[in-house]
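Worth knowing before you read on, the calculation uses all heavy atoms, side chains too, and leaves out hydrogens, waters and symmetry mates.
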Amino acid sequence: MRARWWGTGAVVAAAVCGTLVVQGVSGGDSGHDGKAAAAPVRDGVRSAALAVRADGTGATLTRRDTKPFSMLGVSWETPSAKLAGKVEVRSRAVSSGKWSDWLLLDSDRGAGEVHAARGGTEPAWVGLSDGIEARVDGKAAAKLPAGLRLDMITAGGKRTGDEAEPAAYVVDGPDDTGEPADPGTPGPTDVTTAEPAPPEETTAEPSAGESSPEQSTEPPAESPAESPSASESTASTGPGETAPPSDSASPSASATVPTAPPSTAPRPPIVPRSGWKADESISPEAPTYIDGRIKAVVVHHTASTNDYTCAEAPSIINAVYTYDVTGLGWKDLGYNFVVDKCGTIYEGRKGGVDLPVVGAHAYGFNSQTTGIAVLGTYVDSPPPMAVMASVARLAAWKLGQYGVQPDSTVTLTTALSGQNLAGRTWEPGETMTLPAIHGHRDGYNTVCPGDAFYAALGTVRTLAAGPVTGLTLGTVTGTGTVGTTPYTNGPLTVSWSTTTPASLISSFQVLVDGKTAATVAGSATSAKLTLTAGTHKVQVRAVHQSGRTATSGERTVVADTTAPAFPTKPNLSLRTGTVDTAAVPLTLGWKAADNVALKETRLTAPLAKTYGPTVTSAALTAKSGAATAWTLRAYDTLGNSASASVTGTPVILQETSAAKSGTWTAKSSSSYLGGRSLGSSTKNASLSWTFTGRSVAWVVSRAATSGQADIYVDGTKVTTADLKSTTTAYRNALWTKTWPTSAKHTLKIVVRATTGRPTVTTDGIVYLK
């Protein structure tokens with residue numbers, strides 16, 4: 001189709017195809033769930049004749065009020081006649097009362113419905129409107145075809161035949177668009193007509209002679225189906241005009257209903273004709289079938305507005321159907337399938353979605369192709385991915401019935417002479433090599449399916465044929481990273497993403513070392529699995545509905561279930577500090593390690609603390625006289641863990657339990673352990689304690705005047721302890737010693753009677769058993 005937007009003082013030219021929609025779409029039943037509608041919807045059709053100039057090169061329909069309608073088109077008597085020039089219409093919106101800009105209608109649909117009753121422009125969906133105006137500017141060298149009329153479609157309405165009265169203000173010139181009245185357009189009093197031009201609107205019903213016979217696929221000279229009856233010839237041709245030749249090429253079309261072949265691709269969901277409430281009574285002719293196979297899919301756009309809701313799509317389809325059948329006398333809707341902008345697929349021309357129905361969508365190639373039209377205009381931007389995915393699924397299914405790869409090229413035989421947008425011309429019987437999925441412009445002089453959509457047909461072919469594109473291995477969760485390598489100790493989740501929609505993907509396989517470890521549906525984006533111990537290569541393979549596969553890059557994952565170890569088992573030792581019966585200072589020691597990487601060590605009893613991987617001891621306290629179990633759990637980076645524990649009992653032996661020699665004086669104070677202590681200034685005075693344990697601490701009181709003492713362990717002097725302190729301290733564990741194991745030991749202290757500060761005061765000892 002060729003169409004131009006025609007505004008105030010400006011013309012924008014473009015070759016497009018399909019149905020033009022320029023205002024908001026009126027509502028309608030959707031039938032999107034594919035269920036049969038309660039009843040068919042019969043759209044109302046009214047017509048108003050255009051007044052033709054005396055010289056036959058121009059025509060008008062003056063601005064007038066009319067009953068509400070939603071779609072319009074201009075048609076003429078002879079379908080083979082060409083309208084050389086431009087056809088423009090505008091309408092008044094019911095909602096706002098405003099008139100639209102002038103809209104150019106394509107006067108050559110290029111569909112190839114060979115026995116159509118009338119010729120006509122593309123229909124234009126204008127939304128609910130109650131005013132019309134039309135003008136036709138022909139070329140001086142060619143007169144306009146006879147019987148020009150404006151057909152108006154009322155979505156879901158009745159055939160009323162109501163009058164379209166001229167608007168009272170039409171002679172006053174401009175409306176709210178600010179466009180001046182066109183003095184060159186003759187008014188009603190200046191017009192002579194090639195046929196009566198009554199002001200009434202008349203109901204457009206196809207007569208018996210206007211019905212659309214089946215599409216023949218035999219060459220014109222050999223096709224009996226292309227020899228119309230006398231009544232058909234009268235309705236189809238005018239002076240000096242001949243009916244178009246058959247849009248056909250061998251193989252021929254067949255009236256016998258064929259058997260639906262199986263497909264190599266799954267069938268997508270398709271809303272049946274009842275879903276858009278087709279009134280089957282207006283197109284009673286049986287469908288025609290290709291006697292052979294579908295070789296290609298032709299992609300169209302309807303050149304309509306994109307500003308419609310998907311619930312309104314059935315109303316648009318029904319209105320196009322009504323115009324094609326009732327207005328132009330076609331046997332049915334031209335397209336085999338229609339897709340809305342949400343990706344919903346609708347059955348178009350009847351005959352069985354799984355059968356090779358001959359459509360009227362690709363002039364000269366209908367008998368070898370199936371047609372898919374997308375509602376909308378895609379000149380500047382491609383349709384949404386949901387649309388391209390649906391077109392790809394549908395094309396793959398239809399081509400798969402006949403063994404055609406969606407990304408292949410095919411050879412088509414031209415049935416009629418023609419020219420495409422690229423300027424290539426051909427005559428009947430020539431062969432053309434085209435992509436199995438190609439745009440309308442490849443076989444006809446039109447921009448259809450729009451520049452942006454045409455540029456995206458490569459994506460549609462890849463979506464249809466496979467393999468899956470953009471497959472990327474994502475995160476691998478359930479692991480810990482050491483350096484740059486992921487480690488796991490159990491179930492992990494592998495995720496991925498693709499640019500191919502899930503509707504075209506059969507399944508995903510997670511590969512471990514090249515072998516399938518998990519299989520999930522094509523809608524999945526992740527999978528869980530458990531690896532055996534060792535180093536593994538993880539990948540994802542995507543299986544397209546065609547069976548073609550794509551494989552992601554690989555990720556190294558090390559499975560490790562080895563728990564950390566304690567090379568040095570937990571152990572306890574007494575430490576220096578202030579001793580209290582409820583809090584004896586001690587040190588908990590350990591050493592944890594892991595074969596991969598230690599994360600932390602946690603003290604879980606008798607209290608909770610967490611230590612870093614390099615920490616090997618902790619200063620703690622414990623109650624004297626009570627056995628306390630200390631439990632540690634070491635964790636590696638992967639979460640593997642191991643525990644170990646040690647139990648110890650701090651015991652206080654006061655000075656009264658020591659064996660004494662020399663002079664000792666008892667002292668009483670609440671600051672001493674048990675309220676008492678012993679002190680001595682006598683040289684060589686001694687105290688000794690015998691105990692069984694693995695750690696011992698001497699507990700003293702200290703001050704600035706405190707003296708010194710020699711410490712003997714098991715009869716051997718080990719050190720001299722100085723009790724001097726700048727601050728006074730009671731119950732102070734001044735000195736400690738720890739052994740690898742518990743054993744019987746004797747601790748003896750001997751006063752040195754240091755000059756000037758001879759006194760030693762002791763609270764006893766603490767040992768750990």
Side-chain angles (χ1 to χ4, degrees), residues 572-581 583-587 621 624-625 648-769:
L572 294 170
S573 60
L574 296 171
R575 60 182 177 85
T576 59
T578 302
V579 177
D580 193 282
T581 55
V584 176
L586 51 79
T587 297
T621 61
S624 66
T649 305
V651 178
I652 296 176
L653 292 180
Q654 292 190 298
E655 67 285 347
T656 55
S657 64
K660 298 187 288 293
S661 68
T663 302
W664 294 87
T665 302
K667 300 180 181 180
S668 298
S669 172
S670 60
S671 298
Y672 301 131
L673 283 174
R676 295 185 60 197
S677 69
L678 290 176
S680 177
S681 302
T682 305
K683 186 178 179 59
N684 294 326
S686 67
L687 296 174
S688 63
W689 296 266
T690 299
F691 60 92
T692 300
R694 67 179 302 268
S695 185
V696 65
W698 180 32
V699 183
V700 300
S701 293
R702 303 178 65 188
T705 58
S706 297
Q708 297 176 323
D710 294 327
I711 300 176
Y712 292 80
V713 175
D714 298 331
T716 301
K717 179 180 176 181
V718 294
T719 190
T720 298
D722 194 336
L723 280 58
K724 181 179 180 180
S725 174
T726 55
T727 58
T728 301
Y730 297 95
R731 306 185 310 280
N732 185 246
L734 174 70
W735 169 88
T736 66
K737 182 174 177 59
T738 299
W739 294 270
T741 59
S742 180
K744 185 175 181 180
H745 299 283
T746 298
L747 173 66
K748 179 179 180 180
I749 60 164
V750 178
V751 179
R752 291 178 66 89
T754 308
T755 303
R757 46 186 186 90
T759 304
V760 172
T761 302
T762 179
D763 260 342
I765 66 169
V766 178
Y767 72 92
L768 194 62
K769 70 175 183 178

Inset, instruction - Might you point out which heavy atoms bring L723 and S701 nearest each other, and give the distance in Å? - result: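 What the structure gives for the nearest pair is CD2-O, 3.9 Å.
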Legend entry - Residue pair K737 / V713: nearest heavy atoms and the distance that separates them: CD-CG2, 4.2 Å
In chain order, what residues pass the side-chain contact (heavy atoms from CB on, under 4.5 Å) check against [X], with sequence neighbours excluded?
| X | result |
| --- | --- |
| T576 | T736 |
| A743 | H745 |
| T726 | none |
| R694 | N571, T738, S742 |

Legend entry - Partner residues of T746 under the side-chain hydrogen bond (donor to acceptor under 3.5 Å, both in side chains) criterion, sequence neighbours left out: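 Partners of T746 by the side-chain hydrogen bond (donor to acceptor under 3.5 Å, both in side chains) criterion, ordered by chain and then number, come out as T690.
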Legend entry - Which residues share a side-chain hydrogen bond (donor to acceptor under 3.5 Å, both in side chains) with T581, sequence neighbours left out: none
Measuring from [X]:[atom1] to [Y]:[atom2], what's the distance to the nearest 0.5 Å?
| X | Y | atom1 | atom2 | result |
| --- | --- | --- | --- | --- |
| R702 | T728 | CZ | OG1 | 10.5 Å |
| T656 | L673 | OG1 | CG | 11.0 Å |
| T719 | I711 | OG1 | CD1 | 6.0 Å |
| T692 | L768 | OG1 | CG | 12.5 Å |
| L572 | T649 | CG | OG1 | 9.5 Å |

Inset, instruction - Can you run down the ring pair (Phe, Tyr, Trp, His ring centres under 6.0 Å) pairs that involve residues 695-730, sequence neighbours left out, and say none if there aren't any? - result: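 Pairs touching residues 695-730 that pass the test: Y672-Y730.
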Inset, instruction - Could you name each residue pair satisfying ring pair (Phe, Tyr, Trp, His ring centres under 6.0 Å) that touches residues 746-766, not counting sequence neighbours? - result: none
Inset, instruction - Applying side-chain contact (heavy atoms from CB on, under 4.5 Å), run through L747 and W735 and close with a yes or a no. - result: CA-CA 11 Å; L747 173 66; W735 169 88; 3.6 Å; yes
Check whether any side-chain N or O of [X] sits under 3.5 Å from a backbone N or O of [Y] as a donor-acceptor pair, and report yes or no.
| X | Y | result |
| --- | --- | --- |
| S680 | T665 | no |
| S669 | S671 | yes |
| R575 | P585 | no |

Quick one: side chains of residues 752-761, donor-acceptor pairs under 3.5 Å with protein atoms, not counting sequence neighbours, listed by atom name and distance.
unit_1 : atom_1 : unit_2 : atom_2 : d
R752   : NH1    : D710   : OD1    : 2.8
R752   : NH1    : D710   : OD2    : 3.1
T754   : OG1    : Q708   : N      : 3.4
T754   : OG1    : Q708   : OE1    : 3.2
R757   : NH1    : S706   : O      : 2.8
R757   : NH1    : D722   : OD1    : 2.9
R757   : NH2    : D722   : OD2    : 3.2
T759   : OG1    : S681   : OG     : 2.7
T761   : OG1    : K667   : NZ     : 3.3

Inset, instruction - Would you please test I765 and F691 for side-chain contact (heavy atoms from CB on, under 4.5 Å) and show each step? - result: CA-CA 10 Å; I765 66 169; F691 60 92; 4.0 Å; yes
Distance-only donor-acceptor hits, side chain of residues 682-689, under 3.5 Å, sequence neighbours excluded:
unit_1 : atom_1 : unit_2 : atom_2 : d
S686   : OG     : S661   : OG     : 2.3
W689   : NE1    : Q654   : O      : 3.1

Inset, instruction - Using side chain to side chain contact (heavy atoms under 4.5 Å, CB included) as the criterion, point out the one residue from L586, V766, T587, L574 that pairs with S695. - result: L574
Inset, instruction - Mark yes when over 12 heavy atoms from residues, nucleotides or ligands other than K717 sit less than 6.0 Å from its NZ; otherwise mark no. - result: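 Yes, the 6.0 Å shell around NZ holds more than 12 heavy atoms from other groups.
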